[in-house]
Amino acid sequence: MFDRIRWYVSGLVALAGASSFWVYWLEPNLTWPSARASILFAALSGVSGLLAYKKAARSEAGSIAFLPMLASVMVAPNWATVVAIGLATIIVEIASGRIALKATFNVAQAVMWVATANGLFFSRGSSG
């Protein structure tokens, strides 16, 4: 069972890398205002992730970090957003002390959905 989970996480990491490359390939140019927005939204996402709350009577935690991630896709859809969100998520996972496999999964899924949303934005035409 553990091998299947590792294969699943490895596949997710590969998809995250491929979707990130896709975003860069679609729009490699970056402006400073867009990069600044990416950094600020990623920082807000990181702070939200660090301030996660414990769910009542469980050992799980909840977070609203997805909200700044979603906002970053709408405000600054570029490859810098993907990188910044990835770095912010890595910092949150290290600070939370999660085991490596779970942390890798969490980072990969965040990068994959942000990159996929950005890629869809560019492939549909950002001007219209």
Side-chain angles (χ1 to χ4, degrees):
M1 170 99 161
F2 187 69
D3 284 340
R4 291 192 313 187
I5 294 171
R6 286 196 323 208
W7 277 106
Y8 178 77
V9 172
S10 297
L12 186 61
V13 168
L15 286 172
S19 58
S20 299
F21 176 76
W22 178 46
V23 170
Y24 182 78
W25 181 73
L26 287 171
E27 185 61 47
N29 300 325
L30 184 66
T31 63
W32 171 241
S34 184
R36 185 177 54 204
S38 300
I39 293 166
L40 291 175
F41 277 109
L44 185 57
S45 175
V47 169
S48 298
L50 291 172
L51 295 175
Y53 56 90
K54 291 287 184 189
K55 294 184 180 178
R58 295 188 192 170
S59 62
E60 300 169 353
S63 168
I64 61 164
F66 74 93
L67 292 172
M69 287 182 192
L70 181 59
S72 71
V73 170
M74 291 192 272
V75 174
N78 57 52
W79 61 267
T81 296
V82 177
V83 172
I85 291 294
L87 290 173
T89 308
I90 287 170
I91 291 168
V92 169
E93 295 301 315
I94 290 171
S96 299
R98 291 197 176 85
I99 61 170
L101 188 62
K102 186 172 183 177
T104 302
F105 172 81
N106 289 342
V107 171
Q109 64 89 22
V111 168
M112 189 182 82
W113 83 258
V114 169
T116 302
N118 280 329
L120 291 173
F121 175 83
F122 285 120
S123 67
R124 292 194 53 141
S126 59
S127 62

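Just one residue in the list Val82, Ile85, Leu40 forms a side-chain contact (heavy atoms from CB on, under 4.5 Å) with Ser72, and that residue is Ile85.
When every heavy atom of Val23 is checked against every heavy atom of Ala115, the shortest pair comes out as CG2-O, 3.0 Å. Heavy atoms only, all atoms of each residue included: Ala52 and Ser63 are closest at CB-CB, 4.2 Å. Between Gly119 and Leu26, the shortest heavy-atom distance links the atoms O-CD1, 3.5 Å. Here the closest non-hydrogen pair linking Met69 and Trp113 is CB-CZ2, 3.6 Å. Summarising the geometry of Ala42 relative to Ala88, their closest heavy-atom pair is O-CB, 3.3 Å, with the distance given to 0.1 Å. What you find for Gly46 and Val92 is that their closest heavy atoms are O-CG2, 3.4 Å.
Trp22 places no side-chain N or O within donor-acceptor distance of the main-chain N or O of Thr116, the cut-off being under 3.5 Å. Between the side chain of Ser19 and the backbone N or O of Leu15, at least one donor-acceptor pair lies under 3.5 Å. Listed for the Ser45 side chain is no donor-acceptor partner under 3.5 Å among the backbone atoms of Phe41. Between the side chain of Thr81 and the main chain of Ala76, a donor-acceptor pair closer than 3.5 Å is present. With hydrogens and angles ignored, the 3.5 Å screen pairs no side-chain donor or acceptor of Ser96 with any backbone N or O of Glu93.
To the nearest 0.5 angstrom, Phe105 atom CZ is 9.5 Å from Lys102 atom NZ. Of the inter-residue distances, the one linking Asn78 atom CG with Thr31 atom OG1 reads 7.5 Å to the nearest 0.5 angstrom. With values rounded to the nearest 0.5 angstrom, Leu12 atom CG is found 14.5 Å from Trp7 atom CH2.
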ask   = Run the side-chain contact (heavy atoms from CB on, under 4.5 Å) check on Val111 and Thr89 step by step: do they pass?
value = CA-CA 9 Å; Val111 168; Thr89 308; over 6 Å; no
request  = Start with the C-alpha gap between Phe121 and Val73, add the side-chain angles, then the distance that decides, and say whether side-chain contact (heavy atoms from CB on, under 4.5 Å) holds.
outcome  = CA-CA 9 Å; Phe121 175 83; Val73 170; 5.8 Å; no
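Residues Met74 and Leu44 fall into different hydrophobic clusters, defined by Ile, Leu, Val, Met, Phe, Trp and Tyr side chains chained together at heavy-atom separations under 4.5 Å. Under the 4.5 Å side-chain contact rule for hydrophobic residues, Val83 and Ile39 do not share a cluster. Note on Tyr8 and Phe2: same hydrophobic cluster, where clusters join Ile, Leu, Val, Met, Phe, Trp and Tyr whose side-chain heavy atoms are under 4.5 Å apart, directly or indirectly. In the hydrophobic clustering of this structure, Leu87 does not group with Leu50; members are Ile, Leu, Val, Met, Phe, Trp, Tyr whose side-chain heavy atoms approach within less than 4.5 Å, directly or through other members.
A heavy-atom distance below 4.5 Å is not found between the side chains of Leu67 and Ser48.
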